[in-house]
Every structure is written in C-alpha cells, then in structure tokens.
There are 2 protein chains.
Amino acid sequence: LPPEAFFSGRGLDRADLLRARPDRLAELAAQPDARQLVWMEGLPLLDDRGRLVWDRVTVPSLFLGKDGGKPRFSPLPDAPPTGIAFGLLGQLDGTDAPLFACALSLANWHGRHGHCSVCGQPTTMVRGGWSRRCAGCGAEHFPRCDPVVIMLAEHEGRLLLGRQPHYPPDRFSALAGFVEPGETIEAAVARELSEEAGIEIADVRYVASQPWPFPSSLMIGCTARALGDALTVDFTELDDARWFTRAEVAAAVSGEASAAFLPPPRFAIARTLLEDWLTA
Amino acid sequence: LPPEAFFSGRGLDRADLLRARPDRLAELAAQPDARQLVWMEGLPLLDDRGRLVWDRVTVPSLFLGKDGGKPRFSPLPDAPPTGIAFGLLGQLDGTDAPLFACALSLANWHGRHGHCSVCGQPTTMVRGGWSRRCAGCGAEHFPRCDPVVIMLAEHEGRLLLGRQPHYPPDRFSALAGFVEPGETIEAAVARELSEEAGIEIADVRYVASQPWPFPSSLMIGCTARALGDALTVDFTELDDARWFTRAEVAAAVSGEASAAFLPPPRFAIARTLLEDWLTA
C-alpha cells in the first residue's frame with residue numbers, strides 16, 4: 001500500500017451539489033447542529049488537543065461540507081497567515097488535518113481574489129465559497145490548487161537532499177518545485193533536479209500526494225534514479241544539496257542526536273517520502 | 001515502464017534562469033537563429049506535417065526556452081481558442097506537443113489575467129512571460145496549472161466509462177474532475193467517482209500524467225478498484241456511465257466497426273489509460 005502523508009484523507013463530505021443552492025445552504029446554516037470554524041491570526045484555531053475549534057454559525061460564508069450529516073461552515077479570516085505556521089502544524093491532530101488544509105487553502109485564495117483578473121472589477125463569493133463571480137464582466141473564477149513536485153533522487157543507495165535558505169539549522173529535505181504549464185509530473189521532476197542540482201534522472205515513480213495550504217498547493221511526492229552523482233547546486237535557490245547514505249537517513253528519521261542532518265517534520269510529505277524509502 | 005501520454009516529454013530547455021534577465025532575453029531575441037510561434041485563431045499554427053510553424057521574432061513577449069541552443073519565443077494571440085481544438089490536435093505531431101501545450105496554456109492564462117486579482121489594477125508581463133506584476137499593489141501572479149484527476153474504476157474485470165454531454169455520438173471515456181483545495185490525488189479520485197457514479201473505491205494507483213492546454217490543466221491519470229458495481233449516475237454532469245468488459249474495451253481501442261463504443265482520441269490521456277489497462 002502507498003504511504004499516507006499528513007493532511008491525507010477524505011475529510012468531510014463536501015456535498016458539492018448543495019453549493020449551487022443558496023436556499024439550502026441558508027437552511028443548513030440555521031440548523032442547531034451547524035457550526036463554523038474559529039480563526040486566529042489568519043489560521044484555524046486549535047484546542048489543547050490539536051483539534052479544530054467550532055462555534056455557532058454567525059457568518060456562513062464558506063460551506064465546507066457535512067460531518068456525519070452536520071453542516072460545517074467557515075467565515076473568512078481577517079488576514080492571511082504570516083508564513084508557514086510550523087508551530088501550529090506540529091500541534092494539529094491528523095483527523096482534522098484535511099479540513100484544516102481545505103479551509104486555509106480556500107481562505108488564502110479568497111484573500112487574494114477580491115477582484116476579477118479579466119477586467120479588474122470586484123468579485124463576490126458564490127457557490128458556498130467555491131468560486132467568485134465578477135460583477136462587471138460576469139467571469140467566474142475557481143480556487144487555485146498549484147501542483148508541486150517534491151522528490152527524492154537516488155544514486156547507488158544514497159539520497160539527494162537539499163537545504164532551503166529559510167530552513168532551521170541542519171535541516172535537509174526533498175527538493176521541490178512548481179509544475180509549469182506544458183509539463184507532466186515526470187518532466188517537472190526531471191527539470192527541477194536538473195535546475196537545482198545539475199543531475200539527470202530516469203525512472204520517476206509516484207509515491208504519494210498531499211494538500212499543502214501555504215498558500216494552496218498539491219504536493220506530488222516522487223522518487224527518481226539519478227544517472228550520476230556530480231552535483232551543480234543552484235545557490236540562488238538552495239543553501240546546499242548533498243547525498244546521504246541509508247544509515248544517515250535512518251539515523252535522522254529516528255531522531256538520533258548524532259544524526260548527520262535534521263529531518264523534515266512529520267507533517268511534511270518529504271518526511272513521508274523518507275520513511276517510505278527506508279522501508280523499501 | 002509507465003505509459004507516455006500525448007503531450008508528454010521534456011520539450012524545450014526552459015532555461016529558467018534567463019527569465020529574470022530582460023537584457024539577455026533581448027539579446028537572444030535579436031539573434032539570427034531566434035524564432036517565434038505563429039498563431040491562428042487563438043491556436044499555434046501547424047504545417048501540413050503537423051509541426052509548429054515558426055517565424056522571425058517581431059514581438060518577443062513569451063520566452064519559451066531554447067531548442068538545441070536556438071532561442072524560441074512567442075507573441076500572445078489576439079483571442080483565446082473557441083473550445084477544444086479536436087481537429088487540430090488530431091494533426092499535431094507528438095514531437096511538438098509539449099511545446100504546443102506550454103505555449104497555449106501560458107497564452108490562455110495571460111488572456112484572462114490582464115488585471116490584478118488582489119486590487120484590480122492592470123498587470124504587466126514580466127520574467128519573459130512567466131509571471132505578471134501589478135502596477136498598483138506590486139503583487140506578482142504566476143501561471144495557473146489546475147490539477148485534474150482522470151480515472152478508470154475497475155470492478156471484476158469491467159471498466160467504468162462515462163459520456164459527457166459534449167462528446168460525439170457513441171464516445172465513452174474516463175471520468176474526471178478538478179482536484180479541490182485540501183485534497184490528495186487519491187481523495188479527489190474517490191470523491192469524483194462517488195459524486196458522478198455513486199460508487200465507493202479503494203486502491204487508487206497513479207498511472208501517468210499529461211498537460212492539457214484547454215485552458216491549463218495537469219491531467220493525473222489513475223486507476224481504482226470499485227467496491228461494487230451499482231451505479232448512481234449524476235446526470236447533471238454526465239449523459240451516461242456504464243461498465244464495459246475487457247473484450248468491449250479491446251474492440252473499441254482497436255477501432256472495430258462493431259465496437260460497443262467509440263474510444264477517446266489518441267491525444268487524450270484517457271486513451272493512454274485504456275491502452276495501458278489492456279496490456280496489464
């Protein structure tokens with residue numbers, strides 16, 4: 001079975017047919033078992049156990065879906081989050097992670113789409129928050145979901161990992177980059193590894209995917225076989241990139257104090273890729 | 001080896017580091033071996049052999065990359081294409097297909113992003129056409145690439161295929177839908193099959209991907225195992241959905257006149273999925 005990354009899972013019943021029914025959404029919001037998310041500084045608020053916090057519905061702007069039949073909504077937060085909320089993600093319970101990702105991705109998108117990209121006029125939220133329509137030209141705009149490839153390149157038993165400038169000291173993780181228009185997943189993996197590390201690869205294999213709500217990505221986790229180990233690191237993108245042995249990766253993932261590097265956190269799909277690679 | 005869908009391949013060297021160097025791009029555009037794409041009615045023009053047509057550079061707006069060192073640009077077309085150009089795609093040579101997808105996706109995106117979605121002010125093309133910047137608030141916007149899952153559900157040797165209302169008579173193809181914020185690829189496959197056909201599934205397996213420039217999607221081709229064969233078809237989305245035997249699929253893909261259905265065309269990843277399924 002393929003591994004499951006954090007943020008995976010079905011989450012709520014999205015009940016998409018209801019999105020086009022504002023009358024039904026208003027009825028659902030008025031039900032006594034309806035609830036809405038609580039936000040704090042641009043992020044969904046968590047309780048002491050890392051679960052999402054819910055309140056009575058006051059502003060039923062986003063229809064998130066149904067949780068065992070119970071309607072779940074969300075207002076829009078006042079502000080976007082400031083950077084990736086690493087601390088909060090460390091607390092987040094996995095059960096609520098898909099819904100956290102959904103609500104935050106949608107909120108991030110609404111926060112940057114108050115105007116129509118076609119004509120510049122203001123847009124308004126429609127379909128229970130699953131699109132915005134332009135009051136001027138009538139264009140409808142749907143939420144973005146940006147595919148990103150993230151990959152482990154292997155060469156004779158060693159893995160290529162890199163450091164982005166914003167990482168904490170000693171952390172190394174999988175290289176990654178946005179899939180561009182006109183590319184397959186496989187072509188994007190090959191291009192990113194060529195651009196960032198100067199290696200050519202073959203045998204791209206899909207491993208797992210993960211929604212990533214900073215601001216709204218679909219992480220597509222892969223492995224690839226490097227045809228050589230000579231690196232030409234793009235230091236405009238990375239602080240460093242190096243090959244690590246299986247023993248070094250195992251020590252890092254086990255949290256050994258003497259490990260050669262600090263692994264990515266458990267909520268990152270890069271960690272899932274490393275753990276999956278160690279089991280192979 | 002995984003199958004290769006039409007539009008697959010590395011295409012040009014995108015030479016992404018040059019995008020941030022307008023001085024270098026201007027030099028490249030002035031080279032005698034520089035060329036730009038020719039457009040016709042919103043689509044790249046093809047010659048009699050299905051190859052892209054190139055001309056001397058007059059308006060070096062999009063930098064597509066380098067073809068064996070030779071700079072390749074594109075102006076923006078005057079208008080978007082009207083619908084999916086099935087006739088033209090049937091003529092397109094596979095060698096040029098990745099570049100066709102890249103240029104058309106980018107052009108489609110520019111055509112709908114002349115204004116800033118944050119503040120509504122006009123945007124201008126920067127980075128050789130790989131982003132747009134707002135003259136008002138300074139926001140930078142990158143091209144969209146919308147992930148779509150497209151999948152074959154199998155139940156005891158039979159495949160589930162459906163008909164969209166705009167298909168030609170007798171055509172059946174794989175079901176598909178956009179990945180939504182907060183979803184994995186696997187969750188999107190399960191949701192779409194539940195919504196459109198009323199079936200529950202397990203064992204989602206990634207097969208292949210394909211860029212699809214109508215307007216700018218990343219098709220993610222998968223298979224899944226259906227847990228039952230009772231269908232509840234969503235007739236607001238589909239004209240029909242049915243199970244087909246291996247013999248029926250084989251006859252359709254072979255082009256037999258008496259086949260139970262007309263298969264998707266060779267440039268659709270659905271065709272690749274069917275052909276791959278028949279070889280398994």
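Lettering follows sequence order; numbering is per chain, from 1.
Heavy-atom distances place no part of B/Arg132 under 4.5 Å from chain A, backbone and side chain included. With a threshold of 4.5 angstrom between heavy atoms, B/Trp130 approaches chain A through side-chain atoms but not through N, CA, C or O. Only the side chain of A/Ile220 comes within contact range of chain B, judged by heavy atoms closer than 4.5 Å. Only the side chain of B/Leu218 comes within contact range of chain A, with at least one heavy atom under 4.5 Å from a heavy atom of that chain. For chain A, no part of B/Ser217 is nearby; none of its heavy atoms comes within less than 4.5 Å. With a 4.5 Å cut-off on non-hydrogen atoms, B/Asp203 touches chain A through its side chain but not through its backbone. For chain B, no part of A/Pro213 is nearby; none of its heavy atoms comes within less than 4.5 Å. Looking at A/Glu180, both its backbone and its side chain come within 4.5 Å of chain B, counting heavy atoms on both sides. Only the side chain of B/Leu17 comes within contact range of chain A, with at least one heavy atom under 4.5 Å from a heavy atom of that chain. For A/Asn108, no part lies near chain B; criterion is any non-hydrogen pair under 4.5 Å. Only the side chain of B/Glu195 has a heavy atom closer than 4.5 Å to any heavy atom of chain A.
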Tell me, with the steps shown, if B/Leu273 and B/Glu275 meet side-chain contact (heavy atoms from CB on, under 4.5 Å). CA-CA 6 Å; B/Leu273 294 175; B/Glu275 291 174 352; over 6 Å; no

Which is it for B/Trp212 and B/Phe267 under the side-chain contact (heavy atoms from CB on, under 4.5 Å) test, yes or no, and what are the steps along the way? CA-CA 10 Å; B/Trp212 183 250; B/Phe267 50 78; 4.1 Å; yes

Set out, in order, the CA-CA distance, both residues' side-chain angles and the distance that settles side-chain contact (heavy atoms from CB on, under 4.5 Å) for A/Leu89 and A/Phe100, then state yes or no. CA-CA 10 Å; A/Leu89 294 182; A/Phe100 179 101; 3.8 Å; yes

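Side-chain N or O atoms of A/Asp276 include none that pairs as donor or acceptor with a backbone N or O of A/Pro3 at under 3.5 Å. A donor-acceptor contact shorter than 3.5 Å links the side chain of B/Thr123 to the backbone of B/Gly114. Remark: side-chain polar atoms of A/Ser209 are paired, donor with acceptor, to backbone N or O of B/Ile185 under 3.5 angstrom.
Counting heavy atoms from C-beta outward, A/Pro75 and A/Gln36 have side chains that approach closer than 4.5 Å.
For the pair B/Arg19 and B/Phe63, the cation does not sit on the ring face, since its NZ or CZ is not both under 6.0 Å from the ring centre and inside 45° of the axis.
Looking at B/Lys66 and B/Asp13, no side-chain N of the basic residue comes within less than 4.0 Å of a carboxylate O on the acidic one, giving no salt bridge.
Among A/Ala101, A/Pro181, A/Ser105, the residue with the largest count of heavy-atom pairs under 4.5 Å with chain B is A/Pro181. Note on A/Glu183, A/His141, A/Gln210: by heavy-atom pairs under 4.5 Å with chain B, the leading option is A/Glu183. Comparing A/Ala208, A/Ala187, A/Ala97, A/Cys145 by heavy-atom pairs within less than 4.5 Å of chain B, the highest count is held by A/Cys145. Of the listed residues (A/Asp146, A/Leu104, A/Asp16), the greatest number of heavy-atom pairs within a distance under 4.5 Å of chain B belongs to A/Asp16. The candidate from B/Ser8, B/Pro98, B/Gly9, B/Ala190 with the greatest count of non-hydrogen atom pairs under 4.5 Å with chain A is B/Ala190. Counting heavy-atom pairs closer than 4.5 Å to chain B, the top-ranked of the candidates A/Ser216, A/Cys119, A/Ser194, A/Ala103 is A/Cys119. For the options A/Cys102, A/Cys116, A/Ser117, A/Pro211, heavy-atom pairs under 4.5 Å to chain B are most numerous at A/Ser117.
Results of the side-chain contact (heavy atoms from CB on, under 4.5 Å) test with B/Ile201 over B/Val189, B/Leu227, B/Thr223 single out B/Val189 as the only residue that passes.
For A/Asp23, the CG atom counts as densely surrounded, since its 6.0 Å shell holds more than 12 non-hydrogen atoms of other residues, nucleotides or ligands.
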